[in-house]
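Note that ligands are numbered from 1 as they come in the structure, with each ligand's atoms numbered from 1 the same way. For clarity, every value in this text was computed on a predicted model and none was experimentally measured.
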Amino acid sequence: MRNGRMSEVTSALSGRLAFGGDYNPEQWPEDQWPEDVRLMQEAGVNLVTVGVFSWALLEPEEGRYDFGWLDRVLDLLHAGGIRVDLANATATPPPWFSRAYPQSLPVDEHGAVRSYGARQAFCPSSPDYRSAAARLTTAIVARYAAHPAVVLWHVHNEYGCHNWHCYCDTSAAAFRTWLRQRYGELDALNDAWGTAFWSQHYYDWEEVLPPRTPAYQTSVNPTQQLDFWRFSSDELLDCFRAEARILRRHSAQPVTTNFMHFFKPLDYWAWAAEQDLVSNDHYLMAEGLGERGATHDLAMSADLVRSLAGGSPWLLMEHSTSAVNWQPRNPAKAPGQLRRDSLSHVARGADGALFFQWRASRAGSEKFHSGLVPHAGTDSRQWRDVVALGSELRSLAQVTGTSVESEVAVLFDWHSWWGLEMDSHPSADVNLMTEVRSWHRALWEQGVTCDFVHPDAELDRYRLLLVPNLYLVSDAAADRIAQFVRGGGTVVVGWFSGIVDENDHIRLGGYPGAFRELLGIQVEEFAPLLAGQQVTVTGLGRDHLATVWAERGQGTDAEVVASYADGPAAGDPAVTRRSRGQGTAWYIGTRLPPDALKEVLGRAMGDAHVVPVLDLATWPAGLDAVRRRGADGSYLFAINHGGEPVRVPAEGTDLVTGRDWTTGTTLAAGDLAVIVQR
Ligand code: GAL
């Protein structure tokens, strides 16, 4: 496990939070660059990412490099006191490359070759792409490792964003190599994939393929699919590793690649272990998350990224000053939202807030994407907001290096996610993010901070563990959870958890196989609900209407907290609770509506003695409060995303305004405070 080197970047920034973004000077005439640097100084920008999509300009033809313009940009930035996160520019090979090596283009599951002309048009297994990327990386690091402006290496960009799976023959061969390493013998693969079913037995490794589009209206072997997700994440990670290795061989600066938080194709637990510091890109989804869903997403994303970083400070590599351009409808941010959004990440452990991008483009696919310098220029509210944010971040320098503490963990596993959402399951409405989002939100709305944890994580420092939809689980992880409960922890397991082992084979003897014993329940049959169907759950105060899922079964020695009053599982338990050793194990067998879920998780919090970050009788809608703690005291971030003033019961000094804070002080609608408590 690497990680933890964000502090080297902040030291290079004189102990300040990082502020800046992607700087793409190649999109602009050179005589404008000095003005860019002047404006960066005006805004307090101290870190910019350069060269992400510069391959075509840096290597105009194979083996011939043109570094002149980049030399001049880096020298100019250095002279202006701006530090650089330098990309190795491998994110998008130039058209000449794709034309010279057409076999490097990605192929989709239907066998169609995907073209260049956008970005990331390469097959992750392509030896031609890999060697060209290695040569370019070597040339860049050789030239710039000693450049005084460079404080961080930015490998590639958002790995897998557009090419997470490739089904070409090269990928097929690489998949077979990966499978040979995993299984050794073909018989072991046959066993793991359950190929006795549907006449799929393999007699020769060469027969094994990626899960290409099957014959009409049927389903590809699920373990083959699962292994292909695993392989594809590993294959891109190999690309990262190879480039990072070159950078580390020639340079002492830390290395990162920017994550996309809950990005399904990449197992970021495995990726995070290879980063010198974890960095992330976060964009608000304007639609589909419901009221305050986007605001909550800021918190949930940052909680994941901090957890991936093992609790160390991390870097927000990209977000947007206002609108993006790639959603169907792209709303502008509301006044004040820029600062609230940026500070939401800082509150949860980011030691900097960078943006895509410095200047809003005038050409290309992202010309309608906001930037730090808007199309309107600097005589604009957007620019004034950017300058104000820069100055606010400067005033918060002392939070760098501090960390967020949490007593609650949410178990999150990419392999289980891949298995969970496979076709041919009891219900197509099962969706991990819907579930994780609602569970995390139920805590967020009560002022409780959560970490996310890998199934193999040490759980000792937590009081409460949430396990939503952990479909696939190893024996070892299930044992660790049981041990956590025996040792006094409280766990809440969600429906359709513990169902299969790592090979996606059902755990026999009744559901939820891996957790049956721990929870004291025995589910005989799933009873998924039809689209729009609701069932009544009684026992949690008033009746509630649950959706998507129900189960026929019984609590053996678990206390039945709530049951189904109607529907396919009428009379059976919906929510159970059982004391185990010194701890407590809860089970939720259906998708509860938000208020019922809040009720159950609230009771589990009571069992675990978990308390919110602020002592408030009811948590005001839109208040995000979280604490960062350092050697000299703690910093309570209170961000009021709501439309009403809220009272924040805390004592200390607001770092942003310098005013004293007492328990009666209110935070105006849309405002924020960072209250230092010593
Ligand atoms: C990210 C990407 C940037 C830019 C941005 C737009 O996915 O890394 O290059 O495309 O989105 O929101």
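Of the heavy atoms in Q327, none comes closer than 4.0 Å to ligand 1. Only the side chain of E318 comes within contact range of ligand 1, with a heavy atom under 4.0 Å; no backbone atom does. Contacts between V52 and ligand 1, counted as non-hydrogen atom pairs separated by less than 4.0 Å, are absent for every part of the residue.
Not a single heavy atom of M260 lies less than 4.0 angstrom from ligand 1.
Ranking protein heavy atoms by distance to atom 9 (O) of ligand 1, first place goes to R119 NH1, 3.1 Å. When hydrogens are left out, the protein atom nearest atom 7 (O) of ligand 1 is E158 OE1, 2.3 Å; that is the closest non-hydrogen contact.
A centroid separation of 6.0 Å or more is found between the aromatic rings of W164 and Y159. The distance between the ring centers of W229 and H165 falls below 6.0 angstrom. Aromatic rings of F452 and Y268 (six-membered ring for Trp) have centroids beyond the 6.0 Å cut-off, not under it.
Each of the atoms 2 (C), 8 (O), 9 (O) of ligand 1 lies under 4.0 Å from some heavy atom of N157. Interface of D281 with ligand 1, defined as ligand atoms under 4.0 Å from a residue heavy atom, comprises 8 (O).
Under the 30°/60° scheme for interplanar angles, the aromatic rings of F122 and Y129 are found to lie parallel.
Between H296 and H440 the shortest side-chain heavy-atom distance falls below 4.5 Å.
Checked against a 3.5 angstrom limit, the closest N/O atoms of D22 and ligand 1 fall outside it.
Put simply, OG1 on T49 and CZ on F355 are 12.5 Å apart, with the number rounded to the nearest 0.5 Å.
Between D238 and R245 there is no salt bridge, since no side-chain nitrogen of the basic residue lies less than 4.0 Å from a carboxylate oxygen of the acidic one.
Around atom 10 (O) of ligand 1, the closest heavy atom drawn from H369, Q357, E366, H282 belongs to E366.
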